[in-house]
Amino acid sequence: MKGNFTFATISQNITNSLHFRLVNISGSNESTFNCSQKPSDKHLDVIPILYYTVFVIGFLVNTVVVMLFCCQKGPKKVSSIYIFNLAVADLLLLATLPLWATYYSHRYDWFFGPMMCKVFGSFLTLNMFASIFFITCMSVDRYQSVISPFLSQRRNPWQASYIVPFVWCMACLSSLPTFYFRDVRTIEYFGVNACIMAFPPEKYAQWSAGIALMKNILGFIIPLIFIATCYFGIRKHLLKTNSYGKNRITRDQVLKMAAAVVLAFVICWLPFHVLTFLDALAWMGVIHSCEVTAVIDLALPFAIILGFTNSCINPFLYCFVGNRFQQKLQSIVRVPNTWLQSKRETMSCRKSSSFREMDTFVSQ
């Protein structure tokens, strides 16, 4: 069967959530669409720049988080263990971005061989899911620390020693389809050797739609339900408390942080998963519009980048708040006392805004 592929469906394969969309200019009944116009790729010129920007910022801030954890003396808290694993997952995900930026800059021409295509594709998917799963675990942990502060204080690191391997195993299982199907294929229409999800031709549409919907459910809908439920529960619980003065300010700051966590997750990942869902509908024959696929072609690379920026935001939501971060940073890099003192004074009204101090606030 003669066919060609749109740029968006090639870019969709970078994250394994999306896939090639077959378009047949010969008018064969086997094609999913009859959109014969070759799509523009001018917008791809800026994509590598954005990838490198996200890589540099995200790599720096997550490296600081890992350093803080490794240099921390004494027993590690459960929340700190989750933050550390989240930072590791984000670091490993971000480490693949220069390679994919190169892939974009050469218009999806893969130079690194089939094995690297398979390994880096599944590696990216694994760490993307690990990051999302650890955000979910931390949301549950925050909820427990507010609703049952005395019980949460009795948590031991060994409890996390069971959850952390389970999360990584789940992420590995979620990446298995990528490892199995991803391969390098020659796309004559574009003159490239693309790193794609090489599903069986006779069931390409079924596999593509199924994988896309699986990513929607496992990578967004279920985590969002847990995250939103936990933080709305935190909000409901804190609003019941009679807080005045400093406690009221602290409570309001905690509520703002709770809202920020939910909003950051939704804003970063919703566009990507909406496009994934639309693509699945196209494979199932629900959408037949070439205009809709053209919008996906244009928007998808930017939605992918927006999802990756969540790895840059996570350290600020979970670690870089409150005075404890300033104190730990001082012990590692020996920040001058005068500078640190001024920072403490400006941050004094936000002393308990970190979720690490929510149990202290609730017990007051």
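Below, each value reflects all heavy atoms present in this structure, side chains not excepted, and no hydrogens, waters or symmetry copies.
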Next on the checklist: Taking the side chain as everything from C-beta on, heavy atoms only, tell me whether I313 gets closer than 4.5 Å to C268.
Outcome noted: yes

Item to check | Test log, rule side chain to side chain contact (heavy atoms under 4.5 Å, CB included), inputs N314 and N310 | outcome: CA-CA 6 Å; N314 287 334; N310 194 230; 3.7 Å; yes

Checklist entry - Rounded to the nearest 0.5 Å, what separation is found between the CG atom of L124 and the CZ atom of F129? => result 10.5 Å

Checklist entry - Should L173 and F179 be regarded as members of a common hydrophobic cluster, given that ILVMFWY residues are connected when their side-chain heavy atoms come within less than 4.5 Å of each other, either directly or indirectly? => result no

Next on the checklist: Are F316 and L93 connected into the same hydrophobic cluster when the rule is that any two of I, L, V, M, F, W, Y join if their side-chain heavy atoms are below 4.5 Å apart?
Outcome noted: yes

Checklist entry - Between W269 and F272, what is the ring plane arrangement, given parallel below 30°, perpendicular above 60°, and tilted in between? => result perpendicular

Checklist entry - Any sub-3.5 Å donor-acceptor pair from S208's side-chain atoms to A205's backbone N or O? => result no

Checklist entry - Taking atom CE of M170 and atom CZ of F133, what is their separation to the nearest 0.5 Å? => result 5.0 Å

Next on the checklist: Strictly distance-based, threshold 3.5 Å: is any side-chain N or O of K240 a donor or acceptor partner for the main-chain N or O of R235?
Outcome noted: no

Item to check | Greater than 12 external heavy atoms within 6.0 Å of F232's CZ | outcome: no

Checklist entry - Can we call the ring centroids of W110 and Y108 under 6.0 Å apart? => result no

Checklist entry - Any chance CD of E202 has more than 12 other-residue heavy atoms, nucleotides or ligands included, within less than 6.0 Å? => result yes

Next on the checklist: With clusters defined by side-chain heavy atoms of hydrophobic residues (ILVMFWY) lying less than 4.5 Å apart, directly or transitively, does V295 cluster with V46?
Outcome noted: no

Item to check | Pair F265 + F220: ring centers closer than 6.0 Å | outcome: yes

Checklist entry - Is it the case that more than 12 heavy atoms not belonging to F302 sit under 6.0 Å from its CZ atom? => result yes

Next on the checklist: Would you say the rings of F181 and W207 are close, in the sense that their centroids are separated by under 6.0 Å?
Outcome noted: yes

Checklist entry - Minimum heavy-atom separation for A87 to V65, with atom names? => result CB-CG1, 3.7 Å

Checklist entry - Where the side chain of N62 meets the backbone of D90, is there a donor-acceptor pair that is under 3.5 Å apart? => result no

Checklist entry - Going only through I, L, V, M, F, W and Y residues with side-chain contacts under 4.5 Å, is there a path from F277 to V286? => result yes

Item to check | Donor-acceptor contact below 3.5 Å, side chain S131 vs main chain M128 | outcome: no

Item to check | Closest non-hydrogen atom pair, C230 against Y143 | outcome: O-CD1, 3.3 Å

Item to check | From OG (S161) to CD1 (I81), nearest 0.5 Å | outcome: 7.5 Å

Checklist entry - From K215 NZ over to I132 CD1, what is the distance, rounded to the nearest 0.5 angstrom? => result 10.0 Å

Item to check | Main-chain N/O of V119 paired with S122 side-chain donor or acceptor, under 3.5 Å | outcome: yes

Item to check | Reported CD1-to-OH distance for the pair I135 and Y82, which is rounded to 0.5 angstrom | outcome: 14.0 Å

Item to check | H106 side chain vs T102 backbone, donor-acceptor pair below 3.5 Å | outcome: yes

Checklist entry - Is Y103 reaching over with its side chain to a backbone N or O of C195, donor-acceptor style, under 3.5 angstrom? => result yes

Checklist entry - Between N127 (side chain) and F123 (backbone), is there a donor-acceptor pair under 3.5 Å? => result yes

Checklist entry - Hey, is CZ on F112 packed in by over 12 heavy atoms from elsewhere, all under 6.0 Å? => result yes

Item to check | Within-4.5 Å side-chain heavy-atom neighbours: F134 and V164 | outcome: yes

Checklist outcome for this item: One should read off an interatomic distance between L86 CG and C137 SG, to the nearest 0.5 angstrom, of 10.0 Å

Checklist entry - Under 6.0 Å between the ring centres of F308 and W100? => result no

Item to check | Heavy-atom side-chain contact between Y51 and I304 under 4.5 Å | outcome: yes

Checklist entry - Given R185 and D183, is the salt bridge (charged side-chain N to carboxylate O under 4.0 Å, His left out) satisfied, shown in steps? => result CA-CA 6 Å; R185 291 288 186 271; D183 203 353; 3.0 Å; yes

Next on the checklist: Applying side chain to side chain contact (heavy atoms under 4.5 Å, CB included) to L97 and L94, what does each step give before you reach the verdict?
Outcome noted: CA-CA 5 Å; L97 295 191; L94 292 164; 3.7 Å; yes

Item to check | Within 6.0 angstrom of F166 CZ, more than 12 heavy atoms from elsewhere | outcome: no

Item to check | Common cluster, L317/L270, ILVMFWY with side-chain heavy-atom separation under 4.5 Å | outcome: yes

